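Here is the structure we will look at.
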Number of protein chains: 2
Amino acid sequence: MKNATAKRLGHGAALNREDLARLDRFLHPVRRVPAGTDLIQRGETVSCVRLMISGLSARYKLLPDGRRSIMALLLPGDFCDLHVGVLGHMDHSVMTLAESEVVETSQSDIDGMMGAFPNIARGMRWIDMVDQSITREWLVSMGRRRADRQMAHFFCEIYHRMDMIDEVGSNSFALPMTQEELADTLGITPVHALRVLQSLRQSGMVQFQDGRISIPKLDSLETFAEFEGDYLHLGRS
Amino acid sequence: MKNATAKRLGHGAALNREDLARLDRFLHPVRRVPAGTDLIQRGETVSCVRLMISGLSARYKLLPDGRRSIMALLLPGDFCDLHVGVLGHMDHSVMTLAESEVVETSQSDIDGMMGAFPNIARGMRWIDMVDQSITREWLVSMGRRRADRQMAHFFCEIYHRMDMIDEVGSNSFALPMTQEELADTLGITPVHALRVLQSLRQSGMVQFQDGRISIPKLDSLETFAEFEGDYLHLGRS
DNA sequence: CGTCTGTTTGATCAACGTCAAGACCTGTGG
DNA sequence: CCACAGGTCTTGACGTTGATCAAACAGACG
């Protein structure tokens, strides 16, 4: 039974027994963080690297008028701020959307591990690249997909990302976020998010209630969303 | 007289004489590419790393119905595909919007240089981080800013990025892209792009004609766009 | 002279936002 | 046990932004 981090890294590089052992030592101590807590705030100087072990977090920015934009979801195995040390300060904030577990370590620890364990280093670079790819796909969704397709596309993506770390069971998984948070990640209003959600519900493609989502027929949803999963770099290309 | 690459790297790390000398050797040979050429296509296996020397390129994706989404502009000093080697294939394409000069090299060359010249390595990581930051800010613009503010914000950003490599003269600079390409980067239609452009022209904040843009009063434009430049990580903050 | 690409304009329509209000649930204090 | 507050979800009426459709115009080029 591997942890989410090992599963994620394993998609980008083959890990051997020593890699896994090093990782296990790395994943301590775990800090438990309640929902709605800022892990890092905009403007802060970054002093350490954080890794999501469990739960759900989000990168976000607040605009002058108080509106919010969520620019990324951090799932177990994602890094909050890998490499941001080279920048002077954070240009955005990261908050937990649900109770989460994180590991905090130093950039030098990371660098040391990457130097000594090339497979892990390769896996981490892979995670980094995939995160960038996801951000670009979100741009496509925002710019060129209608809200219903965009939401469907978003759900497909999260399904695959959750599946990657074995968090999907019988076509459903925990997605502990509110409609408002969903709206902020799609760039729409909560009212519209609800209406789109209702139309997806009516068509029988999605259930989303009480922090849990169920996707009975992923195929239909992917077709509807015109989902092309290559940007997640999962397959045997 | 330093080149654009050195200027960009220099913002992220202090370069000494040897660093600059190594860079100079690195920047050969230069390949000249006409406008409208794909430097890399989606699905391709990445065999080399490309660096923009001059001109203008764009990361983009095409949707099944033929619409296009431009997810990033590559200015001189930007890397086309730094580190994408760890991914099996490109998930998007890169094309020149104007005649450009690029340097093509291998990932192992890059790795060698980064290993031997820590300042350069640091500068390259800085460029990478800033590019990610810019992508995130575009997400904010797409999701939460009206088209007029979004376009204004975009122009402010490009102004600063061009200024960083000393390409701005008397408040104007070359931006050789069409209205259609502009629309594809903002996620709107060409017709609407024109109308927004006209409103910005009328207010006297922007001139944009014949591949050149002029911003007489950057302050006004930044205020209008609610532009907060910290995400470009330029300042001495 | 015709074709092509890019720009411009107008009329109409759909997607999405705004405003306002109520329902439901949970936790809290009297 | 009840009253109340706060957060989330839900619904309806109406307004705005931006898309769509169609056409004309200008310059570059063979």
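Owing to the predicted nature of the structure, the values given are computational and were not obtained by experimental measurement.
Listed nucleotides D:dC9, C:dT7, D:dT10 differ in distance to A:Thr178; the shortest reach to its side chain belongs to D:dC9.
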For each nucleotide in nucleotides 12-18 of chain C, reading 5' to 3', give B when a protein heavy atom comes within less than 4.0 Å of its base, S when such contact involves only the sugar-phosphate, and - otherwise. ---SBSB

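Neither OP1 nor OP2 of D:dC9 sits under 4.0 Å from any side-chain N or O of A:Gln198. Within the 4.0 Å cut-off from OP1 or OP2 of C:dG6, not a single side-chain nitrogen or oxygen of B:Gln209 is found.
Taking a cutoff of 4.0 Å between a charged side-chain nitrogen and a carboxylate oxygen, A:Lys7 and A:Glu167 do not qualify as a salt bridge. Salt bridge annotation for B:Glu228-A:Arg42: present, with a cationic side-chain nitrogen under 4.0 angstrom from a carboxylate oxygen. The residues A:Arg8 and A:Asp131 are annotated as salt-bridged, a charged nitrogen and a carboxylate oxygen being separated by less than 4.0 angstrom.
A straight line from CD of A:Glu181 to C1' of D:dG7 spans 12 Å, rounded to a whole angstrom. Going from atom CG of A:Asp210 over to atom C1' of D:dT10 covers 15 Å, rounded to whole Å. Taking atom CD of residue B:Glu180 and atom C1' of nucleotide C:dT7, one finds them 11 Å apart after rounding to whole Å. Regarding A:Phe208, its CZ atom lies at a distance of 10 Å from the P atom of D:dT10, rounded to whole Å. If you measure from atom CE of B:Met177 to atom P of C:dG6, you get 12 Å, rounded to the nearest angstrom.
The side chain to side chain contact (heavy atoms under 4.5 Å, CB included) test with A:Asp148 is passed by exactly one of A:Gln150, A:Arg145, A:Arg146: A:Arg146.
Residues satisfying the ring pair (Phe, Tyr, Trp, His ring centres under 6.0 Å) test with A:Tyr60, not counting sequence neighbours, are none.
Residue-level contact check: A:Arg149 touches neither bases nor backbone, having no heavy atom under 4.0 Å from any strand.
Side-chain atoms of B:Arg32 never come within 3.5 Å of backbone atoms of B:Glu99 as a donor-acceptor pair (strictly under, hydrogens ignored).
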